[in-house]
Amino acid sequence: MSKSLVIVESPTKARTLSKFLGNNFVIEASLGHVKDLPTNRMGVDVDNGFRPEYEILPGKSRFLEKLRKAARECDRIYLAPDPDREGEAIAWHIAEELKATDRPVHRAAFEEITRDAVLRAIEKPTKLNKALYEAQQARRILDRLVGYKISPMLWKRVQAGLSAGRVQSVALRLICDREDEIRQFQPREYWTIDLQVEGPTPPPFPMKLATVDGEKYEPATGEAAQQIVDAVQGRPLIVSKVEKKEIRRNPPPPFITSTLQQDAYRKLRFSVKKTMMIAQQLYEGVDLGEKGVQGLITYMRTDSVRLSKEAVAQARDYIARKFGKDYLPEKPNVYKSRKSAQEAHEAIRPTTPTLTPEEVRPFVERDQYILYELIWKRFMASQMEAARFHQTRVTALVDNKYGFTAAGLEQIFPGFLALYQVPAEDENGKEEETSANALPPLKKGDRLTVLSITPNQHFTEPPPRYNQSSLVRELEAQGIGRPSTYASIVSTIQEKKYVEQIKGRLHPTELGEMITDLLVESFPDIMDVKFTALLEEQLDRVEEGSANWHDLLKNFWQQFKMRLEEADTRMRNVRREVVPTEHKCEKCGAHMVLRWGRNGRFLACSAYPKCRNAKPYLIEKEQAETNLYQRPAKKTEFKCEKCGRPMVIKTGRRGRFLACAGYPECRNTMPLKMGLPCPEEGCTGELVERMSKRGRVFYSCTRYPDCRYVQWEKPVKHPCPACGYYFMVYIRREGKHVLRCPKCKHTEDAGELISGRKNQGDEETPHE
């Protein structure tokens, strides 16, 4: 009986396929690529049509020999790596190595790892896609040209081991540009005037000042706000307009790679890398007991929201049975992909829509379960009816001059919200109002009773730093990278120490900002967002067969080569830069100079090599503001218990901590003190900042485990004005920073305190 050889990437997928294909198929796993460009040289012949010099990867020679032997014993070969550019390159390289066996080679692309899909792909295989392979090869060569030509320049001028990437460096620039925006941001003061009112029928409800003399108005100062309060105080408030309408909130489309990464980060706190790792496991297959082994989701690297008719039909049948026909649209919901979407794959969906998360739960790990549940609910919700609400907007006037408004939202039909709650942010990063209180019955002419009137001070806030979710959203919006690259971009810039994640937000390191400025100055094209997006579009055209990969590389190289020649003579040499300071060397009395080293800026004795004294560079906040590259350790009021020197704030893998400024001579460290005694009665400890294993900051007592006091909100040295309690805590309420007393629960706006700290560049201000 004839046999066939099937070659996949992973052993997990191989085990799953073996359950479907039986004894007539020999299944082998390549464990990724078998050939690649060399690691010790560029491996691209730019003078000979950019011919790549591929080498067999270490450890793969024996595997390829095993494949050749298996191929000779089989009648045909099916190459079945993942159905994307990367998978096509793996298939192409394996096919080249098996040419000598003289066996027919087929391409089997599995959009999902289920019995029916696998058998269908084997019965109707395709040919290797040359255009797809050439697009991947062009991308690989582009990245190699940029990396191997720019990185050595950074080694000579900054430090060894650095790397530049065609896409990762642009992502780093986005983060650095956002940091510059935050530094340059000047907060603007504004005031709101809030009323608590009651109509003819309860309950009371809030209103806000919206207009003065029919024009939108926002008091800019406390004096202007007080004038309005004085003018309104004690005057009748009459309803002038009541608008009622029904609004619909349509369900979101099924997941694509970027939206899955964003939602998994927002809802599950999964990093982008972790999301893709678990999604790969769900795609490759899970043993479901009596149901056998099967993949739970379709291929997870996609930018298309297309769905198969069979999957939609199964979803509609389930929705009708589970929720009722009211929840089922008359026609299936159809979504449009972005213009740049390749439409090569379906959206990310469960392979068997009727297989609920609860049925899967006993057979999978916790993280696999919650990610599958997220994908399943999003897919099902995409085929459900829209949610409907009654929206009421009320306008009331004082003396026909001062206009106050209120809005109420009452859900009349949950629709898809019965299954899937929209995230705290929409796809554009803006907060969504998923619910609001309904207003009491009101009509024009009703007189409202003003229970309280409160002027509140606010300050505009700078744009937030990117988190992993918002960075992926920005990369997608700008056309940088593709679904298969988002995870590697985000992880690479962190692994290279160009970016650090603090309290969920991505901060550029001193090194990251230094490299970004050098590259922007010397390679403006490479670091330009639009130029990078244009290259991605050209690679897409190569994949479609409408562009030639040689021409793409030739045009790129002509410009890039000129930039390289200019940069070789003009790029700053940071290693040689020596900046005099007023500091004196404690050992020999000579002046200390500022230099750049492996771990950033440091102070070194100008008498080097006679005197080798060096120490960390500590500067005051005012100086730090004026220096683009400084991210120095910050001095605190605390003294080292061992040597008496000041303690400074540093950031490690487990969050911020206090370290002695005398490092490395003194290695004393301690948790970050808040300068507040422990609230526990009879305890003599102090509150310190710590970080949980999951990366969440909390505050506890220094006497742990003897004292187990803990709280999640950040304590602030700000006595409560209502009861006099010695500290308050930061919270976020309705998108605002608020101080709340832990004792009497009194709250007040924290805008002034936060704005003042941000103006001073104080990193201790809590981040979103």
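Residues: numbered from 1 along the sequence shown. What you are looking at is a predicted structure, and each value in this text was computed from that prediction instead of being measured.
Proximity of a side-chain donor or acceptor of Arg473 to a complementary backbone N or O of Ser469 within less than 3.5 Å is not detected. Although no hydrogens or angles enter the test, the distance criterion places a donor-acceptor pair under 3.5 Å between the side chain of Arg575 and the main chain of Val158. With hydrogens and angles ignored, the 3.5 Å screen pairs a side-chain donor or acceptor of Ser491 with a backbone N or O of Ser488. Looking at Glu689, its side chain never comes within 3.5 Å of a backbone N or O of Tyr699 through a donor-acceptor pair. No donor-acceptor pair under 3.5 Å is formed between the side chain of Ser606 and the backbone N or O of Val593. In this structure, Ser470 contributes its side chain and Asn467 its backbone to a donor-acceptor pair below 3.5 Å. A side-chain donor-acceptor contact under 3.5 Å links Thr509 to the backbone of Tyr498.
Atom CD of Glu521 sits about 12.5 Å away from atom OG1 of Thr516, to the nearest 0.5 Å. With rounding to the nearest 0.5 Å, the separation of CG in Asp528 from OG1 in Thr532 is 6.5 Å. For the atom pair CD1 of Ile370 and CZ of Arg361, the computed distance is 9.5 Å after rounding to the nearest 0.5 Å. Atom CZ of Arg178 sits about 10.0 Å away from atom CG of Leu471, to the nearest 0.5 Å. Taken to the nearest 0.5 Å, the CD atom of Gln168 stands 11.5 Å off from the OG1 atom of Thr485.
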Discussion item. side-chain hydrogen bond (donor to acceptor under 3.5 Å, both in side chains), that's the test. Do Ser700 and Arg690 meet it? Break it down for me.
Written reply: CA-CA 7 Å; Ser700 65; Arg690 303 182 191 273; 2.6 Å; yes

Fill in: Residues Arg708, Glu680; criterion salt bridge (charged side-chain N to carboxylate O under 4.0 Å, His left out); working and verdict
CA-CA 9 Å; Arg708 293 187 173 270; Glu680 200 70 30; over 6 Å; no

Worksheet item: Hey, mind stepping through Arg183 and Glu513 against salt bridge (charged side-chain N to carboxylate O under 4.0 Å, His left out) and telling me if it holds?
Response: CA-CA 13 Å; Arg183 287 182 182 137; Glu513 292 189 85; 2.7 Å; yes

Practice prompt. Begin from the C-alpha positions of Arg173 and Glu179 and carry the test salt bridge (charged side-chain N to carboxylate O under 4.0 Å, His left out) through to its verdict.
Written response: CA-CA 10 Å; Arg173 181 182 184 177; Glu179 195 72 18; over 6 Å; no

Practice prompt. Please step through side-chain hydrogen bond (donor to acceptor under 3.5 Å, both in side chains) for the pair Glu189 and Gln457, ending with a clear verdict.
Written response: CA-CA 7 Å; Glu189 179 184 8; Gln457 184 187 36; 3.0 Å; yes

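Side-chain polar atoms of His718 and Glu748 form a donor-acceptor pair below 3.5 angstrom. Side chains of His746 and Arg740: a donor-acceptor N/O pair is absent below 3.5 angstrom, by distance only. A donor atom on one side chain and an acceptor atom on the other are found under 3.5 Å apart for Gln281 and Gln368. In summary, the side chains of Gln196 and Ser452 do not present any donor paired with an acceptor at a separation below 3.5 Å, with no hydrogens or angles considered. Using modelled atom types and a 3.5 Å distance limit, the side chains of His591 and Thr581 yield no donor-acceptor pair.
Both tests hold for Lys274 against Phe270: distance to the six-membered ring centre under 6.0 Å, angle to the ring axis within 45°. In this structure, Arg269 satisfies the cation-pi test against Tyr265, with its NZ or CZ atom closer than 6.0 Å to the six-membered ring centre and inside 45 degrees of the ring normal. Judged by a 6.0 Å distance limit and a 45° cone about the ring axis, Arg505 is not positioned over the six-membered ring of Tyr466.
Using a 4.0 Å cut-off between charged nitrogen and carboxylate oxygen, Arg595 and Glu577 do not count as a salt-bridge pair.
More than 12 heavy atoms of other residues, nucleotides or ligands sit less than 6.0 Å from atom CD of Glu218. Atom NZ of Lys745 sits in a crowded spot, with more than 12 heavy atoms from other residues, nucleotides or ligands closer than 6.0 Å.
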